[in-house]
Amino acid sequence: MKKKGQWLLTIVLGLAMMLAACSSGGSSDEADGGSGSGDSDASSGDSSGSGSGELEIFSWWTAGGEADALDALLDVFHDKHSDIEVQNAAVAGGAGSNAKQVLSTRMQGGDPPSTFQVHGGAELFQWVNADKMQPLDDLYKKNGWNKKFPDKIIEMNSQGGHVYGVPVDIHRGNVLFYNKKIFDKYNIDPPKTFDDFFKAADKLQSEGITPLALGDKGGWAATMIFENILLAKLGPDDYSKLWSGDMAFDSPKVKESVKIFKKMLGYINDNHSSLAWQDATQLLIDGDAAMQVMGDFAEGYFLKKDWKPNKQFGWTATPGSQGEFMIINDSFGLPKGIDNEGEVKKFLTTLGSKEGQDAFNPVKGSIPANLEADKSKYDEYGKSALEDFKKADDNDGLALSLAHGSAATPGFLTKTNTAVNQFVTQKNVDAFINALKSASSQLK
Amino acid sequence: METAMTNNPTKIKKRKSRPSAKGKGIAFLFLLPSLVLITVFVYGFIGWSGYVSFSNWNSLIPDLSFVGFKNYMTLLQDFRFQADLRNMVFFTLFFIAGVVGLGQLLAVLIDQKIKGEFIFRNIFLFPMALSFVVTGVVWRWVLNPKTGINLLLEKLGWTPGWYTSTEVFPSISIGQIEFGLPLALIAVLLAAIWQMTGFSLAMYLAGLRGIPAELREAARMDGASEWTIYFKVILPQLKPITFGVVVMMLHMSLKNFDLIYTMTGPGANFVTDMPALYMYDTTFQGNFYAQGSAIAIVMLILVAIFIVPYLIRTRRGDA
């Protein structure tokens, strides 16, 4: 008996040590997370593909339509440059939540990928400011991109008169998707104003349907609702002044927006914190909820579930933002410290080209940044998005998304996401505005 | 390590007795590589994290200028961090109580020389073989209020919100937060206790098997009832096991990341957030490297408060 006991103890202790080893491995990761910089010797850059003929492309496109879109783009690239071997280094996680961690560790450790996905605007500028990026002015000149990309998109990829990113796609952030069957059944028109929205929401709620689906497990979905209200109430000019520090967060219009935000949060599903945005979209498909405010990547999810635009689902701009277009943009840049610049530039050329963008965007459900792209390749929703973008561009209605890293620094965004998370539950208007105000020190 | 454990005690003692000077030198040589690696990669980086936590490095551009306790002060006044500490305290208390209590109970039951002991032992030990990530995803869907176990409970007229609940009980206002047990944590506790009870069960079972039968028989001869035997004879013998289990569980719960990250995330109003999660967000989403390091150091200190007495105790036990 005694011997058996000892034997068991041995195994348990052995297991315990393995566990301890695992978890202490984890903790040392955590502990030195803040010190990723370490000392980096130049040779460590080698792993990003030594010599010519190799190219490592870093993104967070691992799921569904996104991964397919990337593959389609890489096919185009392979046809042109079959001698270059592409390494697809994608890291899973919505909105790049995990990829950003891997990227910042590699960049700070002197081991940058050949090129990487980044949101144009503040998220790209942080790398420029950290002196980790090379300008792409000559590439733009060579390809005539200064005329082929919209000015606003070039602007959000440029700093100090130099351009640092090649935009591959544009998503729209201020879209309200709705279940057409439910809207038809209860005779509801797509809401154009906040009054319309609340009227429709009241009616839906009295019928036992969740008016607004929200899945904010990832932390940024509720921030998207808020930024769209800000855009509607402030207009594109004042909205952008918020991020440059020229407009205070305790100004009356912001406060009004927060109050609308609060009211809208009265119409959401109560299990929102357990859902990712796709799960919230699924609520529309299941008929449990009627509307969702989401970027138009949600269209990709609808299509995957065999829901067709204007048949099963409808869309409109979020209330009060009809003429505006909230830009979510993915770009790729050229990091410093890589030894295959030539290959990367070849890739970026394909990325920005008409062929590349026409291969990529229809699959991903986004619209192309390249104005020459073939509009017939896009579905009903895509065509309307292209039109809306052009209209907004002509009327100064373009705005940058905060929730997707373009409008303000990651520091400000993180603090805002934290404040929004609290607000969704606490609904304390003054505390929220104070939190935004104190976060605004992170804007510079 | 394992072979040392299986050797009988006398042998171990023999090996320990007076190593020669030459033996000592060779032993040192063999230890040297791991010593160097640990010094650099564990203690060196702990030191570096500590250094960074006092610096102003709160963007992608390293800025190692000294700012004193500023990062720590910001943290302590922060709603999210206060909520984290609250969650950590309650999670740890209930997690350890659950694992120790349930593990002990199951071990005693299995120790009754029942049929099929082998099967039960393995059933209970099995969850431990899963990673926390798997547990997190599975329990996320089991306890999702709209799709999980609630579909059954609904028929009984009970629809708990599980980890989507934002209630805190009892909610006493301290600092910026409501102090108490966030009800959402109960869902996480269920998952964590489910996973780790097998471990303590096995430890206790081993402990029970290690108690000589003579002790029980002697107690019986003296006329003690079975209950008295358990509480006065068996349980005191299991003390070292309890101590070991508590220390193991403690550091796991203080550093809890994977389970929460996959199961609930920070939760609405941060009811299921933990310091490790906050550290990850702060450092890698917000690029607040100094603040992230400060969180890491606070966690390290908290773990050390509990682990160091254990180390001291084991050392004394050896001597």
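Letters A, B, ... mirror the listed sequences (proteins, then strands); counts begin at 1. These numbers were taken from a predicted model, which means no experiment stands behind them. Atom set for the values below is all heavy atoms of this structure, side chains included, hydrogens, waters and symmetry mates excluded.
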Counting C-beta onward and ignoring hydrogens, is there a side-chain heavy-atom pair between [X] and [Y] closer than 4.5 Å?
{"X": "Arg140(B)", "Y": "Lys217(A)", "value": "yes"}
{"X": "Pro410(A)", "Y": "Phe284(B)", "value": "no"}
{"X": "Phe79(B)", "Y": "Asn421(A)", "value": "no"}

Could you tell me the separation between the [atom1] atom of [X] and the [atom2] atom of [Y], rounded to the nearest 0.5 Å?
{"X": "Asn287(B)", "Y": "Thr414(A)", "atom1": "CG", "atom2": "OG1", "value": "7.5 Å"}
{"X": "Trp127(A)", "Y": "Ile61(B)", "atom1": "CH2", "atom2": "CD1", "value": "10.5 Å"}
{"X": "Thr418(A)", "Y": "Asp281(B)", "atom1": "OG1", "atom2": "CG", "value": "7.0 Å"}
{"X": "His272(A)", "Y": "Thr164(B)", "atom1": "NE2", "atom2": "OG1", "value": "7.5 Å"}

Quick one: closest heavy-atom pair of Ala268(B) and Thr425(A), and the distance?
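What the structure gives for the nearest pair is CB-OG1, 3.5 Å.
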Portion of [X] that has a non-hydrogen atom of chain A nearer than 4.5 angstrom:
{"X": "Tyr204(B)", "answer": "neither"}
{"X": "Thr166(B)", "answer": "side chain"}
{"X": "Leu300(B)", "answer": "neither"}
{"X": "Phe270(B)", "answer": "both"}
{"X": "Phe132(B)", "answer": "neither"}

Can you list the residues that meet the side-chain contact (heavy atoms from CB on, under 4.5 Å) rule with Asp288(A), with sequence neighbours excluded?
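Listed in chain order: Leu283(A), Asp286(A).
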Please name all residues satisfying side-chain contact (heavy atoms from CB on, under 4.5 Å) with Asn144(B), sequence neighbours left out, ordered by chain then number.
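side-chain contact (heavy atoms from CB on, under 4.5 Å) list for Asn144(B), sorted by chain: Asn271(A), Ser274(A), Leu275(A), Trp141(B), Lys146(B), Thr147(B), Tyr163(B).
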Any sub-3.5 Å donor-acceptor pair from Gln108(A)'s side-chain atoms to Leu60(B)'s backbone N or O?
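Looks like yes, one N/O pair under 3.5 Å.
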Is it true that atom CZ of Phe243(B) has more than 12 heavy atoms of other residues, nucleotides or ligands lying nearer than 6.0 Å?
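Yes, CZ of Phe243(B) has more than 12 neighbouring heavy atoms, counting only those of other groups under 6.0 Å.
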Does Glu167(B), at its CD atom, have more than 12 non-hydrogen atoms belonging to other residues, nucleotides or ligands within less than 6.0 Å?
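It does not: Glu167(B) CD has 12 such atoms or fewer within range.
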Region of Asp270(A) in contact with chain B, defined by heavy-atom distances below 4.5 Å
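For Asp270(A), heavy atoms of backbone and side chain both lie under 4.5 Å from chain B.
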Pick from Gly411(A), Ser104(A), Gly405(A), Gly218(A) with the largest number of heavy-atom pairs that fall under 4.5 Å of chain B:
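Most heavy-atom pairs within the cutoff with chain B belong to Gly411(A).
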Run Phe288(B) and Lys415(A) through side chain to side chain contact (heavy atoms under 4.5 Å, CB included) and show every step you take.
CA-CA 11 Å; Phe288(B) 297 107; Lys415(A) 297 225 181 255; 3.7 Å; yes
